[in-house]
There are 2 protein chains.
Amino acid sequence: MDQNKIPQATAKRLPLYYRFLNNLQHQGKTRVSSKELSDAVKVDSATIRRDFSYFGALGKKGYGYNVEYLLGFFRKTLDQDELTEVALIGVGNLGTAFLNYNFVKNNNTKIVMAFDTDPEKVGTEIGGIPIYHIDDLEGKISGVKVAILTIPASEADSVTDRLVTKGISGILNFTPARITVPEHVRVHHIDLAVELQALVYFLKHYPLD
Amino acid sequence: MDQNKIPQATAKRLPLYYRFLNNLQHQGKTRVSSKELSDAVKVDSATIRRDFSYFGALGKKGYGYNVEYLLGFFRKTLDQDELTEVALIGVGNLGTAFLNYNFVKNNNTKIVMAFDTDPEKVGTEIGGIPIYHIDDLEGKISGVKVAILTIPASEADSVTDRLVTKGISGILNFTPARITVPEHVRVHHIDLAVELQALVYFLKHYPLD
DNA sequence: TATAAGTCGTGATTAATTTCACAATTAAGT
DNA sequence: ACTTAATTGTGAAATTAATCACGACTTATA
C-alpha cells in the first residue's frame with residue numbers, strides 16, 4: 001500500500017476536496033488555486049498544498065491546479081470507481097435520513113440494505129433500499145464490509161457482536177455507546193450529543209473575539 | 001477565562017467523559033480508574049489522566065477517581081447547570097431525529113424551537129418542541145445563540161446569513177456546504193457523506209492487521 | 001522581449017497532541 | 001506493621017499536524 005505515508009489528517013480531508021472539485025467542474029471551472037479552494041472548504045491554503053503534495057506535483061506554479069486533472073487523480077486515489085456496499089442498521093429518523101441521502105451520486109459508497117425490527121417497515125423500501133428484519137441479518141449481510149449503526153444505544157453491543165461475527169470491517173457508529181470490537185475492525189464514532197456539547201463548551205471557553 | 005489553557009483535543013473529550021461518569025454513577029459505582037474509563041470510552045488511559053490533570057489533581061494514587069467527586073467537578077466545568085437554548089433549522093429526517101433525541105436529560109443544551117417550510121409541519125410540535133415557519137425566524141429566534149442546521153445545502157448560505165444577522169454565536173452545520181461566517185461566529189461541520197467516505201478510505205489504505 | 005503578478009512545492013519551524021515510563025502514594029491483605 | 005498490587009500525576013520523548021516563508025516557475029500584459 002503505497003499511500004501509507006499520507007497523514008491521517010490529510011486523508012480525512014480528501015473526500016471534502018473531492019466534492020468541491022466536483023462542484024467546480026459542474027460550474028465549468030477549469031482551473032483553481034489553493035487560495036480559492038481554501039476559501040471554499042475553509043482549510044488553510046498551505047495545508048491544502050501540502051495535502052496535495054503527498055500525491056506528487058499535481059499543480060503548476062503560477063497557474064494553480066487543473067480541475068479535471070485533479071479530479072481524475074482523486075477519483076483513482078479515493079477509489080471512486082469501486083463501489084463499497086454498506087448496510088444500514090436501524091431505520092429510525094436518523095437511519096431514514098441516510099436512506100434518502102443517496103450518497104451514490106458523488107460517492108464511492110452505496111447503502112444496499114437496511115435492517116429494523118418494526119413490522120411496519122420490514123418488507124418495504126426507502127429510497128429504493130430494501131428493509132429487512134434484523135433477525136435476518138446473518139442471512140442477508142454476507143459480503144457487505146461496512147455498516148452504519150443508527151440504533152438505540154442499548155442494542156449497540158449485541159448488534160455489533162453479530163456484525164463482527166459476520167466479518168464486517170468498518171462501522172460508522174452513531175449510537176452514544178462506545179462499542180468494543182476486535183483489533184481488525186475499524187470504528188468511527190459520531191456522537192451527536194457530544195458534538196453539540198463540545199460546540200457549546202467552545203463558545204463559552206474559547207471566545208473568538 | 002481560566003480554562004483557556006486546556007487543549008482543544010481535551011475539551012472535545014470532556015462531554016464524553018461526563019456521560020460515562022454519569023452512567024457509572026447510575027450503576028452505583030463509587031470509584032473508577034483511568035484504565036476502566038479507558039476501556040469504556042476507548043481513549044488511552046494516559047490521555048485520560050493527562051486530560052483530567054489540566055483541572056488539577058482530581059484522583060488519588062493507588063485508588064483512582066471518586067465518581068461522585070469527579071462528576072460534581074465536571075458538572076461545574078462543563079456548565080451543566082446552565083442551560084443553553086438551541087434552535088433547529090430544518091425538520092427533515094435528520095432534524096426530527098434531533099427533536100426526538102431529548103438531549104436535556106444528560107445535557108446542558110435544549111432545543112427550544114424548530115423551523116421548516118413544510119405547511120404540514122409548521123404549527124405542530126415534535127418531542128414537545130414547536131415548529132415555526134422559517135419566515136418567522138427573525139421574530140422568534142431572539143436570544144438563542146446556537147443553531148443546528150439540518151436543511152438542504154442549497155439553503156445553507158441564505159439561512160446562515162439570516163442567523164448571523166440575528167446574532168447567533170455557534171452553528172452545528174450538517175449540510176455539505178462549507179458556510180461562510182464572520183470571525184466571531186463558530187461553526188462545527190459534520191458532514192455525513194465525508195465521514196462515510198473517510199471510513200472507507202481508511203479501511204482500504206490503513207489496514208488494521 | 002521584458003516586467004509584473006500570481007502560484008506552487010517544500011525546507012524549516014512551530015505548535016499541538018499523544019505516549020512512555022516511573023516516583024510517589026494508597027489500599028488491601030496477611 | 002509489613003508487603004504487595006494498584007494507580008495517579010507528570011517530566012520527557014515521540015509523534016503528528018499546521019504554518020511560515022521563499023525560490024522557482026507560469027501567465028499575462030505592455
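Letters A, B, ... mirror the listed sequences (proteins, then strands); counts begin at 1.
By the 6.0 Å contact criterion, CD on B:E85 is open, its count of non-hydrogen atoms from other residues, nucleotides or ligands being 12 or less. In A:K42, the NZ atom is crowded: over 12 heavy atoms of neighbouring residues, nucleotides or ligands sit closer than 6.0 Å.
Residue B:V32 is the one, among B:V32 and A:A9, whose nearest nucleotide of DNA chain D lies closer to the 5' end (criterion: closest heavy atom). Where A:K60 and A:T47 meet DNA chain D, the nucleotide closest to each residue was compared, and A:T47 sits on the side nearer the 5' end. Of the two residues contacting DNA chain C, namely A:S53 and A:Y63, the nearest-nucleotide position lying further toward the 5' end is that of A:Y63.
Put simply, the side chain of A:R50 and the base of C:dT10 share no donor and acceptor less than 3.5 Å apart.
The side chain of A:P7 approaches D:dA17 more closely than any other nucleotide in the set C:dC20, D:dG9, D:dA17. Closest approach to the A:R31 side chain among D:dA24, C:dA28, D:dT27 is made by D:dT27 (side chain taken as heavy atoms from C-beta onward). In the set C:dT7, C:dT17, D:dT8, the nucleotide with an atom closest to the side chain of A:K61 is C:dT7.
As judged by a 4.0 angstrom heavy-atom cut-off over every strand, B:F52 is placed among residues making no nucleic acid contact. Among the protein residues, A:S34 comes within range of the sugar-phosphate backbone only, with heavy atoms under 4.0 Å from sugar or phosphate atoms but none that close to a base.
Ring orientation note: the planes of A:F52 and A:Y65 are nearly perpendicular, at an angle over 60° on the 30°/60° scale.
A salt bridge between B:K12 and A:E195 is absent, with no side-chain N of the basic residue lying under 4.0 Å from a carboxylate O of the acidic one.
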